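Read through the structure below, which is laid out as structure tokens, and then see the notes.
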Amino acid sequence: MEKVLLVTPERCIGCGSCELACSFNKSGQFKPSISRVGVHRFEKGQNVPMMCFQCDEAPCAKACKPQALHKGTSGLVEFDKDKCIGCRMCVMACPFGNVSYDRYAKELVKCDQCGGDPQCVQFCPTKAIEYLPAESAVLNKKRRFAKRISDALEEVKD
Amino acid sequence: MKIWVDGRELDVERDVLLYDAMVSAGVEVPALCRHGGLPHEGTCRVCMVEVDIRGKRRLVASCMYPARDQGLKVYTSTRRVEVARRFVIGLLLRRNPASPAIRALADRWGAMDTSRLSPVEGKDLCIRCGRCVRACATFGARAISFANRGWDREVCTPLKEPTLICVGCLSCAEVCPTGHITYRESQGERQIWGRTFHLVRCSRCGDPFATREQLELVRDRGDVCPRCLREEEGLALRDG
């Protein structure tokens, strides 16, 4: 069944375990700068971990001319390294800044849910990131989450 | 449909390219000009294999040969293939003796001695594979192309002048298999193909992050860099 990563910012303590687990799993290095998940730490102990939303109408996939990025049947926006020409249009197109390009490894830094076993979830001590089946309750929560972002982004634009 | 690769039976879909079929089956075949995201042109000839179609044998570039004959036999290491491959790699090495990519090929697959040939003048790392030209066309800019013929053939911008249709996306440099295409980036400037791009600075953090032309390709794209976008999103969540 399709599963989603659900973030509950209220539970995040900003320890950064997810970032370390992610970068270590992907590149063998403890290097938050190339981690697919990023924790933003604000004053008053408010922390928000963020990663690719796997959008339905993914702007990154639309911008990708060689079709290295596409919305797969798994529900993920899948990346095919073999097809990537390194034009970085996905990086420009993502409205959330959730994609970046590693020019040394010549690949995209984007969450792929670790192929079904997300390491950020494994190592999160407070369940701020959960990996749950895409049921209606979870999806509703995720949608509310997404709406909050888009509403706030509109405010920022205005 | 079924094809045979070095005596091994493979079940492939019709029209799948031999190179792709072989690589996904774990057969090692070298390639230089092939790129998964670009149309294939078969210019480097490094990926040559021998095919047997109803008793007729010939050498083909596997990166652009579609499997269409039931029971097609493919050989990747016959003497004929090896001689052809070593010859091609020998010529490439003659042209770019310093290129790490070509050296690695020669070390792995062998290279024919080409010292009897006259030396190449004006050595550069370009092997004229055209990956950069195809990448630029796929991207949609078409800022570079081949010019001239024979020994003078080279990749350049129109009339070798800095061109306004280049957006400075760096795809050409990213896909170049030998490292011939280079760019420089420092202090908010990016230089490629003789043109200097002044990078747009993020309206939030002030870091230079992309060319104006790159940003214009995305509708309603502001001047906020991806890192700050993410942070704004985080702020929005916190306050939401």
Side-chain angles (χ1 to χ4, degrees), chain A residues 7-10 12 33 38-44 46-51 53 59-60 62-69 80-101 103 106-107 109 144-157, chain B residues 19-20 23-24 31 34-39 131-132 134-141 167-176 181 183 185 200 202-204 209-240:
Chain A
V7 174
T8 316
E10 296 78 28
C12 179
S33 66
V39 181
H40 285 276
R41 299 169 179 86
F42 302 103
E43 65 277 16
K44 291 188 233 155
Q46 291 163 315
N47 312 296
V48 188
M50 267 172 311
M51 73 287 288
F53 291 118
C60 57
K62 270 192 197 147
C64 184
K65 293 276 170 59
Q67 292 165 359
L69 279 167
D80 185 348
K81 187 179 175 181
D82 186 45
K83 288 187 177 172
C84 177
I85 60 171
C87 70
R88 299 162 172 82
M89 279 308 289
C90 48
V91 181
M92 305 297 149
C94 178
F96 309 112
N98 279 337
V99 189
S100 60
Y101 185 80
R103 68 168 66 177
K106 293 202 171 191
E107 66 176 352
V109 179
R144 279 204 300 278
F145 191 79
K147 187 154 190 323
R148 259 159 69 185
I149 300 168
S150 59
D151 287 352
L153 278 182
E154 285 303 313
E155 256 171 56
V156 173
K157 265 185 204 153
Chain B
Y19 181 90
D20 297 340
V23 168
S24 54
R34 180 200 169 277
H35 190 289
L38 303 175
R131 264 204 199 191
C132 50
R134 283 177 279 150
C136 195
T138 302
F139 180 77
V167 300
C169 75
L170 309 179
S171 296
C172 49
E174 292 288 342
V175 297
C176 178
I181 302 176
Y183 62 92
E185 200 172 291
V200 175
C202 171
S203 56
R204 210 159 162 270
F209 71 104
T211 67
R212 167 66 51 209
E213 290 79 358
Q214 271 179 303
L215 295 183
E216 279 169 0
L217 289 174
V218 184
R219 211 154 47 100
D220 295 334
R221 178 75 170 75
D223 284 352
V224 181
C225 75
R227 215 167 8 152
C228 287
L229 272 180
R230 210 178 200 190
E231 203 169 318
E232 277 187 357
E233 177 199 335
L235 269 172
L237 276 176
R238 185 198 64 175
D239 300 335

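Remember, it's a predicted structure, so these values are computed and weren't measured experimentally. Proteins get letters first, then strands, A, B, ... in listed order; numbering begins at 1 in each. Atoms considered below: every heavy atom in the structure, side chains included; atoms not considered: hydrogens, waters and symmetry mates.
B:Pro226 approaches A:Val91 most closely through the heavy-atom pair CG-CG1, 3.6 Å. The two residues B:His35 and A:Asp82 have their closest heavy-atom pair at CE1-O, 3.3 Å. In terms of heavy-atom proximity, B:Phe139 sits nearest to A:Ile85 at CB-CD1, 4.4 Å. Across every non-hydrogen atom of A:Cys87 and B:Ser171, the tightest pair is CB-OG, 2.9 Å. Counting all heavy atoms, side chain and backbone alike, B:Glu174 lies closest to A:Lys106 at O-NZ, 2.8 Å.
Only the backbone of A:Cys94 comes within less than 4.5 Å of a heavy atom of chain B; no side-chain atom from C-beta onward does. Of the two parts of B:Arg34, only the side chain, counted from C-beta on, holds a non-hydrogen atom closer than 4.5 Å to a non-hydrogen atom of chain A. Using a 4.5 Å cut-off between heavy atoms, A:Gln46 contacts chain B through its side chain alone, with no backbone atom that close. When heavy atoms are compared at a cutoff of 4.5 Å, A:Cys64 does not approach chain B at all.
B:Glu216 CD: more than 12 foreign heavy atoms inside a 6.0 Å radius.
Annotation: the span from B:Thr138 atom OG1 to A:Lys83 atom NZ amounts to 12.0 Å, rounded to 0.5 Å. Rounding to the nearest 0.5 angstrom, the gap separating the OG atom in A:Ser100 from the CZ atom in B:Arg227 is 10.0 Å.
Put simply, of A:Pro9, A:Gly86, A:Gly38, A:Pro59, the one with the most heavy-atom pairs under 4.5 Å next to chain B is A:Gly86.
Proximity of A:Met92 to B:Leu215: side-chain heavy atoms (C-beta onward) are separated by under 4.5 Å at one or more points.
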Report the C-alpha distance between A:Met89 and B:Leu217 in whole Å, list the side-chain angles of each, state the deciding distance to 0.1 Å, and finish with yes or no for side-chain contact (heavy atoms from CB on, under 4.5 Å). CA-CA 8 Å; A:Met89 279 308 289; B:Leu217 289 174; 3.5 Å; yes
